[in-house]
Protein chains: 2
Amino acid sequence: MRVSIKDVARAAGVSHSTVSRALTHSPLIPETTRRRVERAAKKLGYAPNAMARGLITRQSRAIGVIVTSIADPFVAEIVRGIEQLAGDNGYRVVLGTSHNDPEREVNAVKALREWRVDSVIVASSRVGALYQPLLKDIGAPIVLINNQNQQKGRVIHSVAVDDVRGGEVATQYLVSLGHRVIGHIRGPVGYAASKNRIAGYRRALNAAGIPYDRTLIQTGDGRAEGGAQILKLLDHDPIPTAIFCYNDITAIGALRELKRRGIRVPRDLSLVGFDNIPFALYVDPPLTTIAQPMFEMGKRALQMALTLMRDSRAQVADVVIQGELIARASTRVRG
Amino acid sequence: MRVSIKDVARAAGVSHSTVSRALTHSPLIPETTRRRVERAAKKLGYAPNAMARGLITRQSRAIGVIVTSIADPFVAEIVRGIEQLAGDNGYRVVLGTSHNDPEREVNAVKALREWRVDSVIVASSRVGALYQPLLKDIGAPIVLINNQNQQKGRVIHSVAVDDVRGGEVATQYLVSLGHRVIGHIRGPVGYAASKNRIAGYRRALNAAGIPYDRTLIQTGDGRAEGGAQILKLLDHDPIPTAIFCYNDITAIGALRELKRRGIRVPRDLSLVGFDNIPFALYVDPPLTTIAQPMFEMGKRALQMALTLMRDSRAQVADVVIQGELIARASTRVRG
DNA sequence: TTGTATGCGTTATCAG
DNA sequence: CTGATAACGCATACAA
C-alpha cells in the first residue's frame, strides 16, 4: 500500500514519468523499457492509486447506482446488468441505497457527489422533487430506470419498460383465451407504471370490443397484501374469469388469498402478473406474466451512461424496452 | 464540479486552510467564521473532493464487497446489511462481482486494490487459492462471509453461520415429530457447509439413538436440479418419512419433483430446507427451514471491518452466528 | 525517447 | 485563531 510510482521508477532506473507512460502503454515508450518497468512494478507489487489518478484525470471511473433496496430481486437484476457492463469498461459500481428513507437517499446522493462519480444511475422508483435538484448538482450524466415521476430534462435520461404495451399484451392474451370479463388489480396511485398498465389494459379491451367497466378495477399497493383486493373482484357481477395484476408480487398475494378460499387457478380464474420475478416460476401454479428484461435494462442504462460520459452533449434518445409475455400455467382458456 | 476549496476561501475572505478546518468542524475555528465559511460553501454549491481528501488522509472510505452474483437473494440480503451499516458510518460500498468467472474476480480484486479500499468483505462462496494471495496484497482488513475454504490467517477474518448446529437443529426437529427414517440431500462435495450440515445431521441422529445409514444420503448440487436426487431416496427401504435438504433451493427442486410424482408434502413426506430464502415462504407448502440471518451477517461483517479499520492489530474473534428454525407447513408429525 | 516541473484539491505542519 | 507551505501519487506539458 505504500509503494508508489517513484519506488518503481527507482527500481527500474528511470524517472517516474517514464513509469507512468510505460504503465499506461504510451506509444512513446519502446518495448524494452516498458518491459523493464513492468518487471520492476510487478516485483514491488505496485498498483497505481486510483484516487491520485482520478484527481488529475478528473474522472473517478466510478458509477453511482442509487436503489431503494438491493434486496429487491428486481433491483438486484438491474444492478447485475449495470455492474457487468461497467466492469467490462473499467468502471466500478458504488452503491447508494435509500430504503425509502429520504434522509438516507439524500446522504447517498451527497456522497456520490463527493466521490465525483462519472455518472449516476437511479433505479429508485421515485425521484422526489426534493432530491432531483441535488442529483443534477452532481454534474454527471444521470440515467433513470423505470422512474415513476414523469419529469425529464436535458441532463436526465431514462430507460423504461413499455408499460402501456405490456398491459395491452397481457390483456390481449387473456382475451385471446376467450375471457370477456377481465378484472384488474392496479398499482399504487401516483405511479406512472400503474397508470400506463391500466391504459394498456383498456386499449386491449377496446380493441376487442369489450366495454370498459371501472368497477372491475381495484387498487392494490404493489405488494403481496394488495393481492387481497382480489376478493372484492369476486363479488363483482358477473364474476370475472381472469384478472390482470399490476405485478407478480400482487398476483402471488392474490393467489394465496384464492387458495385460502378454495378457488382454483387457472380452473376457476386465470391470473396474469407483471415483471417476471424469479419466484414467478416457482409458485403454484407458475405465473403467466410480462417479463421485464431487468438485466437488459441495466445494461442499456450503463450503455447510455458510457455514451454520455464520452460526450456529455451527445444526443441520446430515451430507451423504451418491450416486455415479453411469458405464458405459464396460471392462465387457460375460459372454461 | 469545478468549485474547489480555494473558491470557497476567496468567497469567504479566508485562507483555504481555514475553510478546511471550518468544514471539518475543527475546534480551533470559532463559531462565527465557521458560519461564514459554511454560508460561502453553500452558496457556491461546494462539495469536497473525496479523491483529494483520500489521497492525503490515506483512506478512501470505501468498502470493497466481492460477491458471486448480486442477483442471488441470499447475497443481496448480505449486501444490504453491509451497505446499511457502512452508510451509517460514512463508508460507501464498491461492488465487485465474479459470476464464478476467475478472471472477473481477479479483475475485481485488482480494481479494489487500486481504489485503496479501506476494507474488503467477500461473500463469494469460495476464495480460491489463486485469489487469496491477491486479496492479502490489498493490505486492508478482509472479512469472509460463509467462506467454504477452511483457510484463515492473521489478516483474514470471518463471519459464518453455524452449519453443524443448523443441521443438528433441523434434524432434531424432524426427530421430535416422530420421524425415524430421515434422508438427506447433501450439498456439493468440497463445500465446508455440506460437510458441516451432514455432521449436524449425524449428531442429531446419534443423540436420538437412530443408527446412521449412509444410503440415506444423496448428493445434490445446491441448486434446484439437485432436488431431483430425492427420487433415489424414495427407492430406499424403508422409505424415509422425512428429508433434510442442504438448502431451500434444493428443497424447492425436490418439492417440484414430488408434486410431479403425486407425492404430497407433508402428508407423505416432510421436508426441511436451509437458508430461509425469501421464496421459502411462498412455495406450496411453505417450507420449514433453518434461517440464516443474512442481513445480520452482513452487519456483523461490517462491524468487524470497522473495528479492524480503527486498529489493524485489534484482536477480533471470528463470528459464528446461529441459524433459527422456522417451522412451516412442509413438515408434520409422522403419520 | 526520456526527464523536469507543475498541478489536481485536499489535509497537516508549522509559524505567526 | 489563522495563514503559508508542504505533502499525498499521479499524468502531462514542456525541455532536453
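Chain letters run A, B, ... following the sequence lines, proteins first, then strands; residues in each count from 1.
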Is there a side chain to side chain donor-acceptor pair (under 3.5 Å) between B/S15 and B/T18? Walk through the geometry before answering.
CA-CA 5 Å; B/S15 76; B/T18 298; 3.3 Å; yes

As a test of reading the structure: which of D/dC10, C/dC8, C/dT2 is closest to the side chain of A/A52, going by heavy atoms?
D/dC10

To the side chain of B/S4, which of D/dA11, C/dA12, C/dG9 is closest?
C/dG9

Please report, rounded to the nearest Å, how far the P atom of D/dA7 is from the CZ atom of A/R2.
17 Å

Counting only side-chain heavy atoms from C-beta out, which of C/dT2, D/dC10, C/dT11 sits nearest to A/I29?
C/dT2

Which nucleotide in D/dT12, D/dC1, C/dC8 has an atom nearest any side-chain atom of A/I56:
C/dC8

The side chain of A/Y46 lies closest to which of these nucleotides: C/dT2, D/dC10, D/dT5?
D/dC10

Evaluate the criterion salt bridge (charged side-chain N to carboxylate O under 4.0 Å, His left out) for residue pair B/R35 and B/E31; output intermediate values, then yes/no.
CA-CA 6 Å; B/R35 283 266 236 277; B/E31 190 67 14; 2.7 Å; yes

Could you tell me whether the side chain of B/R21 has a donor or acceptor atom within less than 3.5 Å of a complementary atom in the base of D/dG3?
yes

Starting at atom CD of A/E114, determine the distance to atom P of C/dT11, rounded to an integer number of angstrom.
10 Å

Check the distance between D/dT12's P and A/H16's NE2 and give it to me in whole angstrom.
12 Å

Between P of C/dC8 and CD1 of B/I5, the distance in whole Å:
14 Å

NZ/NE/NH1/NH2 to OD/OE distance under 4.0 Å, A/D88 and B/R104:
yes

OP1 or OP2 of D/dG9 versus the side-chain N and O atoms of B/R58: is any pair under 4.0 Å?
yes

Run B/Q292 and B/N146 through side chain to side chain donor-acceptor pair (under 3.5 Å) and show every step you take.
CA-CA 10 Å; B/Q292 292 208 46; B/N146 275 0; 3.0 Å; yes

Could you check B/L55 against B/S15 and say which one's nearest nucleotide on DNA chain D is further toward the 5' end?
B/S15

Nucleotide D/dT2, atom P - distance to CZ of B/R10 in whole Å
19 Å

Proximity to the side chain of A/S20 - top-ranked nucleotide from D/dA11, C/dT10, C/dG9:
D/dA11

Would you indicate which nucleotide in C/dT11, C/dC8, C/dT2 comes nearest to any side-chain atom of B/R53?
C/dT11

Could you state the atom-to-atom distance from NZ of B/K6 to P of D/dA4 in whole Å?
12 Å

Tell me the interatomic distance from B/Q59, atom CD, to D/dG9, atom P, rounded to whole angstroms.
14 Å

Quick one: pull up CZ in A/R53 and CE in B/M51 and give me the separation to the nearest 0.5 Å.
12.0 Å

Mind calculating the distance between CZ (A/R61) and P (D/dA11) to the nearest angstrom?
12 Å

For the base of D/dA4, is there a side-chain donor-acceptor partner from B/S17 under 3.5 Å away?
yes

If the cut-off is 4.0 Å, is B/T18 near the phosphate of D/dG3, judged by side-chain N/O to OP1 or OP2?
yes

